[in-house]
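Here is the structure we will look at, set down as structure tokens.
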2 protein chains.
Amino acid sequence: MKPNVGIREVAEHAGVSVGTVSNVLNHPKNVTPANLAKVQRSMLELGFVRNDLARQLRMGAGSTIGLVVLNISNPFFADLAHALEAEAELNGHTVILGSSDQNAEREDRYIDLFEEQRVRGMLIAPLDGVTPRLSRLRSRGTPVILFDSSADPEHFCSVTLDGTAGGYMATSHLIETGRRSILFAGGPFSQVGERLTGASKAAREHEGVTLSLMETNDLTVAEGREVGDRILAMPAASRPDAIFAANDLLAVGILQSLILASDLSVPDDIALIGYDDIDFAASTMVPLSTIRQPRDLIAREALRLLHEEADAGSGHVHGRHLFMPELVVRESTRSAGAAAGAAGAAGGAGVAGGSVASSDASTARGTAAKRTGA
Amino acid sequence: MKPNVGIREVAEHAGVSVGTVSNVLNHPKNVTPANLAKVQRSMLELGFVRNDLARQLRMGAGSTIGLVVLNISNPFFADLAHALEAEAELNGHTVILGSSDQNAEREDRYIDLFEEQRVRGMLIAPLDGVTPRLSRLRSRGTPVILFDSSADPEHFCSVTLDGTAGGYMATSHLIETGRRSILFAGGPFSQVGERLTGASKAAREHEGVTLSLMETNDLTVAEGREVGDRILAMPAASRPDAIFAANDLLAVGILQSLILASDLSVPDDIALIGYDDIDFAASTMVPLSTIRQPRDLIAREALRLLHEEADAGSGHVHGRHLFMPELVVRESTRSAGAAAGAAGAAGGAGVAGGSVASSDASTARGTAAKRTGA
DNA sequence: GGCGCGAAATGAAACCTTTCAGCGCCAGGC
DNA sequence: GCCTGGCGCTGAAAGGTTTCATTTCGCGCC
């Protein structure tokens with residue numbers, strides 16, 4: 001219909017210069033009320049829409065934030081995306097989405113794509129830790145914030161939950177409710193390594209506790225059901241009395257599988273704890289105990305860091321921000337005898353051990369962040 | 001570090017003109033192999049990254065696709081986003097995300113934001129049907145594809161499941177497995193109207209079937225639990241013997257609530273069917289019968305339409321694309337007596353009624369699309 | 001009435017790319 | 001040997017905005 005109507009047409013129509021129109025958009029207070037009104041009327045009449053591409057081009061950098069997650073179908077990432085997007089929108093920023101689907105090639109393509117789009121910064125849950133590609137990206141000037149606490153805090157900002165503490169909490173909780181033979185299910189281990197580390201630490205600190213492992217290819221419901229089936233196939237005597245699933249999806253699948261075999265009860269025969277506290281965790285047949293990650297806090301902090309890095313330029317000091325997770329006790333780990341303390345969201349109650357990680361945890365109370373600067 | 005390195009610096013470094021560098025990027029075959037190699041080497045050495053903003057600006061329109069959904073935390077939309085994004089990435093396009101959170105103001109802001117970004121097109125699950133704002137958007141030239149079959153096919157392309165057919169299928173299935181007193185739970189009705197229409201049509205076609213309604217504010221697990229509680233509060237005699245929940249989240253909540261009250265059994269006392277077939281539907285304590293929506297097909301078709309509309313310009317003929325949903329039978333509607341036919345994903349088996357919608361459904365078999373052109 | 005000052009408006013430059021008309025050059029046909 | 005055509009390269013224009021050095025205007029004050 002109309003050939004593109006730009007700032008120039010508006011200026012002509014309103015009888016002012018392009019500079020004035022630009023000022024109306026960006027520095028209204030430097031414009032006479034009379035002119036302001038005139039220009040605004042012209043904009044309406046012509047149906048002017050500011051071209052953000054040109055704007056970003058001229059201004060040097062984007063108003064867009066790239067998010068690369070492992071899989072957007074995972075409710076944890078969906079919630080994270082949701083929180084990020086709400087937070088970004090407050091500043092007129094926009095989130096563009098990339099789901100790597102656990103595929104390094106896709107991850108690379110998204111990084112390239114986003115860099116070409118001159119995103120203001122990227123938030124990445126990297127597949128293989130920090131690759132050279134990420135380093136190059138950063139050194140070219142694109143702020144990068146990682147969801148991965150194993151990153152080198154010298155060169156990258158990262159925002160994560162303390163997976164070691166979380167794993168420790170979960171396992172300690174299982175131990176304190178009387179379980180002794182614990183199975184850690186999850187994988188690939190490269191992705192859930194910290195949780196495993198925490199779990200094994202807790203196990204080592206207690207006499208008579210054994211921790212066994214079952215690695216999965218993925219953290220999905222389907223994989224969980226397979227884990228469940230494998231457990232059911234074990235001789236009853238050698239079955240674990242508790243399972244720590246590396247995320248809630250897995251736990252849901254395990255639960256499903258165990259419960260269909262009606263001779264086993266959760267939590268009486270086998271206790272089960274997950275990780276993430278996705279919305280469904282409270283809605284499974286046996287409501288799932290889990291480790292809660294404050295996604296909105298993570299999102300907010302990630303964006304804060306991103307902006308800081310974008311604004312400060314090279315003078316920026318990277319930091320690793322570890323949020324302390326929180327234990328959420330529900331039915332699936334109820335102790336066989338009496339209930340262990342108050343149920344509900346009593347954070348960290350079971351993590352009174354002497355380790356550094358756990359004392360940090362109880363200090364931080366699940367909300368504060370600890371900064372490890374460079 | 002480096003001042004931005006652009007096509008110009010590359011040209012200088014390689015000893016060619018900017019035009020040649022551009023050709024290397026866009027029409028490599030018009031460039032001498034020698035020059036091509038020289039330029040590519042220079043790009044690598046300088047760490048050149050093409051500026052997509054300038055590119056899009058010059059080329060007139062974007063490589064970005066705006067997606068505005070009701071809530072990205074809803075697994076149905078998360079899956080849709082996932083499918084879209086995978087599909088878009090094939091063409092080097094990018095998906096930017098907006099979650100309106102059932103809030104008209106947010107929806108508006110996203111539409112504005114995306115228009116300013118000169119998206120190639122928008123996919124919108126509109127809150128209040130087609131608003132004047134959407135019409136204006138379209139008339140200014142941005143392709144708009146709706147997830148809402150109630151849209152006027154004269155002026156918009158839309159891609160949806162046939163909600164009426166789905167509602168009819170679900171309800172017919174309940175009736176055929178012997179249920180007579182059916183409760184439709186969901187809302188706001190403006191969003192699930194078609195499903196309700198289909199349900200009430202199926203009810204009317206059968207003697208002795210009553211359909212009652214319970215409106216919700218939202219389609220979430222929490223609302224579902226409230227629905228469940230309300231049902232439990234009813235005198236046992238007047239409780240429905242089947243519930244058709246307008247989506248799976250709601251159904252999950254209802255299930256949770258009913259099952260915690262252990263005197264009721266699903267499906268024996270109350271059958272339950274959901275809508276969407278989210279991943280969790282198969283993983284709830286009682287696996288949930290539901291209506292499956294082929295999300296990846298929808299995504300693909302939506303993008304096809306979007307590109308068609310973007311390329312064809314004003315000569316484009318809008319169309320409404322209705323995909324036929326598919327009945328997925330699981331435990332939660334098992335008939336009280338024997339199992340009704342094979343369980344599993346036996347599509348449409350229960351939808352042999354004489355109505356137009358259902359015969360279309362069995363013809364289309366859940367994959368084909370029916371086009372209602374303008 | 002003239003001077004100077006601050007506020008407001010101006011218009012060209014810059015951001016980085018793609019496109020395109022034009023130019024030089026070489027091979028081949030006459 | 002000259003003309004034609006084709007191929008590759010060149011360099012400037014265009015695309016819409018913001019920025020900024022300048023110009024213009026209005027007003028108070030001497």
Side-chain angles (χ1 to χ4, degrees), chain A residues 2-40 42-43 46-64 92 113 115-120 140-141, chain B residues 2-40 42-43 46-64 92 113 115-119 140-142:
Chain A
K2 295 159 198 153
N4 282 345
V5 27
I7 214 182
R8 184 151 32 244
E9 284 74 16
V10 173
E12 190 178 358
H13 183 272
V16 299
S17 76
V18 293
T20 302
V21 176
S22 175
N23 279 334
V24 168
L25 289 168
N26 304 300
H27 309 284
K29 58 181 172 229
N30 294 344
V31 181
T32 295
N35 266 343
L36 198 141
K38 239 188 334 185
V39 171
Q40 285 176 332
S42 293
M43 289 196 200
L46 299 180
F48 167 79
V49 175
R50 178 218 238 117
N51 187 328
D52 206 51
L53 293 177
R55 176 178 221 266
Q56 294 187 62
L57 172 59
R58 176 61 234 247
M59 304 223 306
S63 67
T64 286
L113 216 50
E115 189 181 9
E116 289 186 356
Q117 306 228 3
R118 293 296 191 273
V119 293
R120 184 172 168 82
R140 276 200 228 91
Chain B
K2 295 158 199 154
N4 282 345
V5 27
I7 213 182
R8 181 149 38 242
E9 284 75 17
V10 174
E12 190 178 359
H13 184 273
V16 298
S17 77
V18 293
T20 302
V21 177
S22 175
N23 278 336
V24 168
L25 290 168
N26 304 300
H27 308 285
K29 59 180 173 235
N30 295 344
V31 181
T32 297
N35 268 342
L36 198 141
K38 239 191 329 185
V39 170
Q40 284 175 333
S42 293
M43 286 194 193
L46 299 179
F48 167 79
V49 175
R50 176 217 241 118
N51 187 328
D52 206 50
L53 294 176
R55 175 177 222 265
Q56 294 187 59
L57 173 60
R58 177 64 235 250
M59 304 222 307
S63 67
T64 287
L113 217 50
E115 190 181 8
E116 289 186 357
Q117 306 228 3
R118 294 295 191 273
V119 293
R140 274 200 229 90
T142 305

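Per chain, numbering begins at 1; letters A, B, ... match sequence-line order.
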[X] versus [Y]: any side-chain heavy-atom pair under 4.5 Å?
X	Y	answer
B:Asn26	B:Met59	no
B:Leu57	B:Arg118	no
B:Arg140	A:Val5	no
A:Thr64	A:Gln117	no

Backbone N/O of [Y] and side chain of [X]: donor-acceptor pair under 3.5 Å:
X	Y	value
A:Glu9	A:Gly6	yes
B:Ser22	B:Val18	no
A:Gln40	A:Ala37	no

Please work out if A:Asn26 contacts a base, only the sugar-phosphate, or nothing of the nucleic acid, heavy-atom cut-off 4.0 Å. sugar-phosphate
Closest to the side chain of A:Arg50, out of D:dT17, D:dT19, D:dG15, is D:dT17
With respect to the side chain of B:Met59, which nucleotide from D:dT19, C:dT19, C:dT17 is positioned closest? C:dT19
Whole angstrom is fine here: how far is it from [atom1] in [X] over to [atom2] in [N]?
X	N	atom1	atom2	answer
B:Glu9	C:dC15	CD	C1'	12 Å
B:Arg8	D:dG11	CZ	C1'	11 Å
B:Lys38	D:dG8	NZ	P	15 Å
B:Asp52	C:dC15	CG	C1'	15 Å
B:Gln56	C:dC15	CD	C1'	15 Å
A:Leu53	D:dG15	CG	C1'	11 Å
B:Ile7	D:dA12	CD1	P	15 Å
B:Arg118	D:dT17	CZ	C1'	11 Å

Output yes when at least one side-chain N/O atom of B:His27 is less than 4.0 Å from OP1 or OP2 of C:dT19, else no. yes
For D:dT17, does OP1 or OP2 lie under 4.0 Å from any side-chain N or O of A:Asn51? no
Distance criterion of 3.5 Å, no angle test: do you see the side chain of B:Arg58 paired donor-to-acceptor with the base of C:dT17? no
Enumerate all atom pairs, one protein N or O and one N or O from nucleotides 9-11 of chain C, separated by less than 3.5 Å.
from: C:dA9; atom 1: OP1; to: A:Thr32; atom 2: OG1; distance (Å): 2.9
from: C:dA9; atom 1: OP1; to: A:Asn35; atom 2: ND2; distance (Å): 2.3
from: C:dA9; atom 1: OP2; to: A:Asn30; atom 2: O; distance (Å): 3.4
from: C:dA9; atom 1: OP2; to: A:Thr32; atom 2: N; distance (Å): 3.3
from: C:dT10; atom 1: OP2; to: A:Ser17; atom 2: N; distance (Å): 2.7
from: C:dT10; atom 1: OP2; to: A:Ser17; atom 2: OG; distance (Å): 3.0
from: C:dT10; atom 1: OP2; to: A:Thr20; atom 2: OG1; distance (Å): 2.7
from: C:dT10; atom 1: O5'; to: A:Ser17; atom 2: OG; distance (Å): 3.4

